[in-house]
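Fair warning: this is a prediction, and the values are worked out from it, not measured in the lab.
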Amino acid sequence: MLRAKVRLTRSNQVTEMLRTSVRACAIAIFVMISVASCDRKSGEAVVIGKEHIDAALPTAGTPNAKSEPGPDAQIRAMADDEITVDGYVMKPRVRGTGRDPRALSHEQWIVKVRMLGNGRTIQVPADQSKWEKLRENDRVKVSYRRGKYTGTVWAAEIE
């Protein structure tokens with residue numbers, strides 16, 4: 001009876017249902033993202049190290065680059081003249097240069113700090129002037145975002 005008065009056809013009914021359910025879904029997604037976001041943390045920290053990494057050298061693209069090891073790939077022992085830095089294996093003379101596997105398209109000034117509150121070690125990118133002023137054992141205030149579920153540190157900065 002109501003359909004006859006309002007003149008709703010099948011396609012109008014579907015459109016009306018979608019319109020109301022899309023709003024509800026958008027609100028639900030917004031709430032989920034806000035609940036699952038990162039926590040903002042800050043606190044005192046002690047500088048335990050500094051490192052400068054030059055910009056990566058320009059390289060030609062490798063046409064046969066593979067992101068996964070083949071089925072016959074084997075783990076090799078680390079050579080005596082290699083070091084491990086942040087999970088990367090490299091020669092000591094390559095560290096901090098444009099050939100460093102951590103090098104990006106721009107220079108990096110990294111300050112390694114240990115949080116006084118929880119003992120967590122964080123690598124904080126800094127600008128060159130801050131990096132030059134800091135010395136080991138200096139106290140700094142650091143703010144960062146920590147993922148609620150993974151504990152991963154995002155967007156750390158020295159205040």
Side-chain angles (χ1 to χ4, degrees), residues 18 21-159:
L18 285 175
S21 64
V22 167
R23 277 189 224 138
C25 287
I27 291 170
I29 289 172
F30 177 74
V31 169
M32 287 172 37
I33 289 173
S34 64
V35 169
S37 65
C38 299
D39 291 331
R40 184 147 177 89
K41 305 262 184 188
S42 65
E44 289 283 320
V46 175
V47 176
I48 57 174
K50 299 185 330 178
E51 185 169 17
H52 173 259
I53 302 174
D54 285 334
L57 299 173
T59 59
T62 53
N64 297 332
K66 293 182 180 178
S67 60
E68 295 181 10
D72 58 342
Q74 296 180 4
I75 298 174
R76 69 168 180 84
M78 205 165 85
D80 291 336
D81 63 340
E82 293 178 329
I83 59 171
T84 304
V85 181
D86 299 332
Y88 292 95
V89 176
M90 64 184 88
K91 305 274 185 193
R93 66 181 177 278
V94 172
R95 183 176 185 174
T97 67
R99 296 184 195 278
D100 191 322
R102 300 170 297 155
L104 301 176
S105 61
H106 58 278
E107 286 185 289
Q108 301 172 69
W109 292 275
I110 300 169
V111 180
K112 194 171 190 176
V113 299
R114 175 164 286 125
M115 299 300 294
L116 295 177
N118 58 14
R120 179 177 211 147
T121 302
I122 301 173
Q123 292 193 13
V124 183
D127 59 4
Q128 185 176 4
S129 60
K130 278 185 186 175
W131 187 85
E132 288 173 349
K133 290 177 187 174
L134 292 173
R135 302 284 177 246
E136 282 193 30
N137 297 322
D138 282 354
R139 285 188 174 217
V140 293
K141 184 167 181 167
V142 176
S143 64
Y144 61 96
R145 294 189 177 272
R146 185 184 63 87
K148 285 184 179 178
Y149 302 113
T150 61
T152 305
V153 173
W154 303 99
E157 63 182 19
I158 296 174
E159 296 177 353

Could you tell me which residues satisfy side chain to side chain contact (heavy atoms under 4.5 Å, CB included) with [X], sequence neighbours excluded, listed by chain and number?
| X | answer |
| --- | --- |
| Q128 | W109, E132 |
| P101 | Y88, M90 |
| E82 | R76, M78, A79, V89, K91 |
| L116 | E44, V46, R139 |

Legend entry - Nearest atoms (heavy-atom pairs only) where T97 meets I53: O-CG2, 4.2 Å

Inset, instruction - Assess whether atom CZ of R40 is packed by more than 12 heavy atoms of other residues, nucleotides or ligands within 6.0 Å. - result: yes

Inset, instruction - Answer yes or no: is there a side-chain heavy-atom contact under 4.5 Å between D39 and R145? - result: no

Inset, instruction - Would you mind reporting whether I48 and V113 have side-chain heavy atoms less than 4.5 Å apart? - result: no

Legend entry - Separation between CG of D138 and NZ of K133, rounded to the nearest 0.5 Å: 12.0 Å

Inset, instruction - Hey, could you give me each pair passing salt bridge (charged side-chain N to carboxylate O under 4.0 Å, His left out) that has a residue in residues 96-125? Not counting sequence neighbours. - result: E51-R102, D86-R102, D100-R102

Legend entry - Check: L134 main-chain N/O paired with K50 side-chain donor or acceptor under 3.5 Å: yes

Could you go through residues 152-159 and list every donor-acceptor pair under 3.5 Å that involves a side-chain atom there, pairing it with any protein atom two or more places apart or in another chain?
| residue | atom | partner | partner atom | Å |
| --- | --- | --- | --- | --- |
| T152 | OG1 | T150 | OG1 | 3.0 |
| E159 | OE2 | S143 | OG | 3.1 |

